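Below is one structure, written out as structure tokens; comments come after it.
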Number of protein chains: 2
Amino acid sequence: MTESLDPTDWAILAELQRDARLPLTELGRRVNLSASAATERLRRLEGAGVITGYHAEIDLGKAGYPVLAVVRLKYPGSRHEPLHKLLGERAEILECLRTTGDDCYTLKIAAASMAHLERTVDELAQFGSTTTNLVYSRTLPYRGPREPARDLDA
Amino acid sequence: MTESLDPTDWAILAELQRDARLPLTELGRRVNLSASAATERLRRLEGAGVITGYHAEIDLGKAGYPVLAVVRLKYPGSRHEPLHKLLGERAEILECLRTTGDDCYTLKIAAASMAHLERTVDELAQFGSTTTNLVYSRTLPYRGPREPARDLDA
DNA sequence: CCTGAAAATCGCAGTCG
DNA sequence: CGACTGCGATTTTCAGG
């Protein structure tokens with residue numbers, strides 16, 4: 001399951017989470033490997049599905065989406081296809097987590113205006129009751145998983 | 001504010017959100033620009049802060065963090081420094097959004113085990129009351145902002 | 001995991017519309 | 001001023017050890 005990542009693998013993951021466009025030669029330098037060895041490890045991590053993609057991070061405000069909101073959706077039925085269809089159509093829904101608890105889904109929505117957010121939430125409300133919270137700020141920069149401290153299951 | 005992004009800019013953003021490691025020559029090809037013109041546009045987008053970084057996306061389960069949870073924190077006081085200090089120390093907290101509403105913060109936490117999650121939530125609980133929801137699944141692949149349809153403020 | 005060479009790419013001039 | 005061309009330096013890729 002955990003494709004047994006060694007410290008070098010984690011070093012590669014850390015570097016590419018920080019800067020996905022790092023050249024392979026420079027990557028090799030940073031993890032004390034030749035470029036070809038680093039490349040081979042990287043291909044292995046990609047092939048095993050540990051790395052699922054490389055993405056540019058966009059400033060939502062500068063891109064014209066100054067309104068960010070967390071919306072929780074309480075979804076009574078068990079027919080989830082219509083919701084998934086809406087998720088596919090509405091690009092303003094950036095993330096959708098299905099969770100335990102009273103609210104079945106937690107979504108993150110980027111909108112161009114309050115009116116736009118209102119319209120999007122209205123569309124979601126046809127599926128169930130919604131709770132919307134506006135986001136003041138992200139208090140953390142981008143972050144992904146790091147090498148575990150080795151006793152987390154203790 | 002919205003550095004007036006034209007369709008070519010959006011095409012560049014779309015390509016790099018899909019694959020941040022795309023070579024500049026191939027990027028130019030896809031947006032019908034020469035490599036140097038594409039590069040210049042890209043540097044402009046980076047310089048303007050529209051693109052804030054390039055990140056590898058890691059499969060949390062395969063990386064040894066099979067437990068994902070959304071934790072909402074109701075934070076009574078106004079002294080936020082101690083919380084921010086904890087955020088900096090606990091790498092398992094992947095995201096922290098400060099929001100309106102009863103719960104001041106919404107956090108996303110990746111844990112190696114339920115015990116690990118429990119410990120992390122306990123640390124958060126010293127700041128206020130917490131609500132924890134486990135994540136069954138992400139129902140959407142990675143997604144970022146796209147070119148607006150031009151009448152979103154209507 | 002390393003070396004080494006061929007092919008592709010990157011970065012930087014200078015030039016055109 | 002934004003985009004294109006040309007060329008040297010770097011990077012990528014793929015042999016083979």
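Here the structure is a predicted model, which means the values were calculated and not measured. Letters go in sequence order (proteins before strands), and every chain restarts at 1.
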message: Determine whether a donor-acceptor pair (N or O, by modelled atom type, separation under 3.5 Å) exists between the side chain of Q17(B) and the backbone of P145(B).
response: yes
- prompt: Going 5' to 3' along DNA chain C, which nucleotides are the first and last within contact of chain A (any atom under 4.0 Å from a heavy atom)?
  reply: dC1(C) to dT3(C)
- prompt: Given axes from five pairs at either end, by how many degrees does the helix from dC1(C)-dG17(D) to dG17(C)-dC1(D) bend, rounded to 10°?
  reply: 40°
query: Mind checking whether Y142(B) and H55(A) have parallel, tilted or perpendicular rings, split at 30° and 60°?
result: parallel
- request: Classify the angle between the aromatic ring planes of H84(A) and Y105(A) as parallel (below 30°), tilted (30 to 60°) or perpendicular (above 60°).
  value: perpendicular
- request: Taking all heavy atoms of T99(B) and all of V135(A), pick out the closest pair and write down the distance.
  value: CG2-CG2, 4.0 Å
field: Where at least one partner belongs to residues 126-137 of chain A, residue pairs that pass salt bridge (charged side-chain N to carboxylate O under 4.0 Å, His left out), sequence neighbours excluded
entry: none
field: salt_bridge(E40(A), R44(A)) N-O dist < 4.0 Å
entry: no
- prompt: Do E26(B) and R30(B) meet the salt-bridge criterion of a basic N to acidic O distance under 4.0 Å?
  reply: yes
query: With the sugar-phosphate defined as primed atoms, P, OP1 and OP2, and the base as all remaining atoms, what B/S/- string results for nucleotides 4-12 of chain D, 5' to 3', for protein heavy atoms under 4.0 Å?
result: BB-----SB
- prompt: Would you call R72(B)-D102(B) a salt bridge at under 4.0 Å N-O?
  reply: no
field: Partner residues of R43(A) under the side chain to side chain contact (heavy atoms under 4.5 Å, CB included) criterion, sequence neighbours left out
entry: L24(A), T39(A), E46(A)
- prompt: Could you give all pairs that pass the salt bridge (charged side-chain N to carboxylate O under 4.0 Å, His left out) test and reach residues 127-142 of chain A, with sequence neighbours left out?
  reply: R138(A)-E95(B)
